[in-house]
Amino acid sequence: MTYQTSILRSRNPHTVLITGGAGFIGSHLCDVLLRRGNRVICADNLFTGSIDNIRPLLNHPRFTFLKHDVRDPLDIADPIDQIYSLACPASPRHYQRDPIGTMRTCVVGTINVLELARQKSARVLQASTSEVYGDPEVHPQPEAYLGHVNMIGPRACYDEGKRAAETLVFDYRRMHGLDVKVARIFNTYGPRMLENDGRVVSNFIVQALRGDPITIYGRGDQTRSFCFIDDLIRGIELLMESAPSVTGPCNLGNPQEVTIETVAREILACTRSTSTLRFEPLPKDDPRRRKPVIEMAERSLGWRPRIGLKDGLQATIAYFSLKIATASLSAAPAHGVASSSRRRRVQLSLAPRS
């Protein structure tokens, strides 16, 4: 089998819709796809996404921002070639704030995306998650593992919502012949993470930079596998561009397994912080171990992560250092957003701009 191990600038640019495109992962994907020469529609309700993430793109001639909630049907007049379905809050702090809304995003939002893909004969990539494995009893986790999820726990709105979304994607493939891909994304970190989202890397870095105690839930011996954002975006692109027979689900993550305490101490060393470690009770249903089997991605996509934890942490620390240092400027009223209102309408035209 031959496979594509890198993505070049497209000779035949696509029109690409990215739901959740102003978020952490989505905004990086917008950047990369524009550099490839594609036309990009970014749809986001800004629940956890941020205009700041896409502000440099707002005046780009091939970029369109649409403020829209995927729980409402998408009505886009022009042809669409590819859809990256990323819309959903991904950190427990945010998806537990409105669990019913999270489930509706996963189910109703996915149906709306799939219906649009069916209307446009577009290929769709659904962003799933390692949370479909729950607190796994199989380690490491291959795609064939069916998971160990508490379907009535506080994390279930996201875990079960994403499992339902995968079901919908493959039902649409079976019933309508839709061209689909499913990426199971493991812990990802890097610039543009929200500093208040409660995730391990962003929490630890912000606390270290501010000199606050670093909060570790549990004993710190639970493990995660952290993938830098650049590696993940490359994997998502390769999956989207892979042969129609490569549907997934496909694990995308870094198989280097580290304890939470190790990550905290690495961040302390990189920041030269004097913060202490503070241990708190482990939240309910928090996974004890998490590590992907990535043989499918290696075999079908020629993909594996390239960026080590220390290098990725240093890049992320640099981002948060600048963000914290300029927080007072960031709080000033944003300019230029209102002028883009013509790009934020549900009935959308992608005619070239003068």
Side-chain angles (χ1 to χ4, degrees), residues 23-29 48 86 89-94 127-136 139-142 155 158 162 183-209 214-236 250-271 273 275 277 282-283 286-295 297-298 303-321:
F24 165 47
I25 294 174
S27 63
H28 284 278
L29 189 59
T48 57
L86 308 183
S91 73
R93 178 175 295 176
H94 290 134
S128 190
T129 172
S130 59
E131 298 298 327
V132 300
Y133 300 123
D135 187 5
H139 190 80
Q141 294 83 53
R155 301 170 69 103
Y158 184 69
K162 286 293 187 177
R184 286 182 180 161
I185 299 172
F186 281 66
N187 294 74
T188 303
Y189 70 102
R192 302 183 196 165
M193 295 183 80
L194 291 173
E195 62 184 271
N196 64 342
D197 70 356
R199 291 196 243 195
V200 169
V201 171
S202 53
N203 257 19
F204 288 0
I205 290 175
V206 171
Q207 289 171 337
L209 290 173
I214 291 184
T215 306
I216 295 177
Y217 295 98
R219 296 181 300 179
D221 57 354
Q222 65 270 40
T223 66
R224 296 292 184 270
S225 303
F226 294 98
C227 185
F228 190 63
I229 184 65
D230 291 4
D231 282 329
L232 177 71
I233 294 298
R234 183 169 50 87
I236 289 175
C250 181
N251 286 342
L252 293 176
N254 194 322
Q256 179 189 0
E257 184 180 14
V258 294
T259 67
I260 297 300
E261 184 174 350
T262 298
V263 175
R265 295 196 181 280
E266 185 67 46
I267 288 171
L268 286 174
C270 289
T271 57
S273 174
S275 294
L277 303 184
L282 193 67
D286 194 64
R288 293 162 296 173
R289 303 185 75 184
R290 188 60 61 74
K291 176 183 176 179
V293 174
I294 62 168
E295 291 176 4
E298 291 176 318
W303 178 88
R304 67 174 297 110
R306 298 171 179 169
I307 299 170
L309 181 63
K310 185 172 184 178
D311 289 341
L313 286 177
Q314 288 175 337
T316 310
I317 289 166
Y319 167 78
F320 278 111
S321 296

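Index from 1, following the sequence.
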Margin query: Using the rule given for salt bridge (charged side-chain N to carboxylate O under 4.0 Å, His left out), can you reason through Arg219 versus Asp286, listing the C-alpha separation, both sets of side-chain angles and the distance that settles it, and then say yes or no?
Written below: CA-CA 12 Å; Arg219 296 181 300 179; Asp286 194 64; over 6 Å; no

Next item on the list: Carefully, step by step, assess Asp197 and Ser202 under the rule side-chain hydrogen bond (donor to acceptor under 3.5 Å, both in side chains).
Entry: CA-CA 8 Å; Asp197 70 356; Ser202 53; 2.8 Å; yes

Next item on the list: Take Arg155 and Glu131, measure what salt bridge (charged side-chain N to carboxylate O under 4.0 Å, His left out) needs, and give me the verdict at the end.
Entry: CA-CA 9 Å; Arg155 301 170 69 103; Glu131 298 298 327; 2.9 Å; yes

Next item on the list: Check the pair Glu195, Phe320 against side chain to side chain contact (heavy atoms under 4.5 Å, CB included), reporting the backbone distance first and the verdict last.
Entry: CA-CA 8 Å; Glu195 62 184 271; Phe320 278 111; 3.6 Å; yes

Next item on the list: Show your reasoning for whether side chain to side chain contact (heavy atoms under 4.5 Å, CB included) applies to Arg265 and Leu277.
Entry: CA-CA 9 Å; Arg265 295 196 181 280; Leu277 303 184; 3.3 Å; yes

Checklist line | Intermediate values then yes/no, side chain to side chain contact (heavy atoms under 4.5 Å, CB included), Ile236 and Ile25 | finding: CA-CA 10 Å; Ile236 289 175; Ile25 294 174; 4.1 Å; yes

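Using modelled atom types, one side-chain atom of Ser273 and one backbone atom of Ala208 make a donor-acceptor pair closer than 3.5 Å. Side-chain atoms of Arg234 do not come within 3.5 Å of backbone N or O of Ile229 as any donor-acceptor pair. The main-chain N or O of Ile294 is never found under 3.5 Å from a side-chain atom of Asn251 such that the two would form a donor-acceptor pair. Under the 3.5 Å distance criterion, the side-chain polar atoms of Glu261 are left unmatched by any main-chain donor or acceptor of Gln222. In this structure, the side chain of Glu257 does not engage the main chain of Thr223 through any donor-acceptor pair within 3.5 Å. Lys291 contributes no side-chain N or O that, together with a main-chain N or O of Gly253, makes up a donor-acceptor pair within less than 3.5 Å. Put simply, the side chain of His28 gets close to the backbone of Pro191: a donor and an acceptor are under 3.5 Å apart.
Here CZ of Arg304 is found 10.5 Å from SG of Cys227. Values are rounded to the nearest 0.5 Å. In this structure, CE on Met193 lies 8.5 Å from OG on Ser91, to the nearest 0.5 angstrom. Note that the CG atom of Leu232 and the CZ atom of Phe24 stand 8.0 Å from one another [nearest 0.5 Å].
Residues Leu309 and Tyr189 meet the side-chain proximity criterion, which asks for heavy atoms closer than 4.5 Å. Residues Asn187 and Val201 fail the side-chain proximity criterion, which asks for heavy atoms closer than 4.5 Å. Two residues are said to be in side-chain contact when any heavy atoms from C-beta on lie closer than 4.5 Å; Ser225 and Pro292 meet this criterion. A 4.5 Å side-chain heavy-atom check between Pro305 and Pro255 finds at least one atom pair inside the cut-off. Within the 4.5 Å cutoff, side-chain heavy atoms of Ile233 are placed close to those of Leu29. Contact of the Arg224 side chain with the Ile260 side chain is registered, since non-hydrogen atoms from C-beta on lie closer than 4.5 Å. Counting only heavy atoms from C-beta outward, the side chains of Phe186 and Gln141 approach each other to under 4.5 Å.
In summary, of the residues considered (Thr188, Val258, Asn254), a side-chain contact (heavy atoms from CB on, under 4.5 Å) with Phe226 occurs for Val258 alone. When each of His139, Arg290, Arg184 is tested with Tyr133 by the rule side chain to side chain donor-acceptor pair (under 3.5 Å), just one qualifies, namely Arg184. Checked against Ser275 for a side-chain contact (heavy atoms from CB on, under 4.5 Å), the options Leu268, Leu209, Ile267 give a single hit: Leu268.
A donor-acceptor contact closer than 3.5 angstrom links the side chains of Ser27 and Arg192. In this model, a donor atom of one side chain and an acceptor atom of the other lie less than 3.5 Å apart for Gln207 and Thr215.
Across all their heavy atoms, Gly198 and Asn203 have their closest contact at CA-OD1, 3.5 Å.
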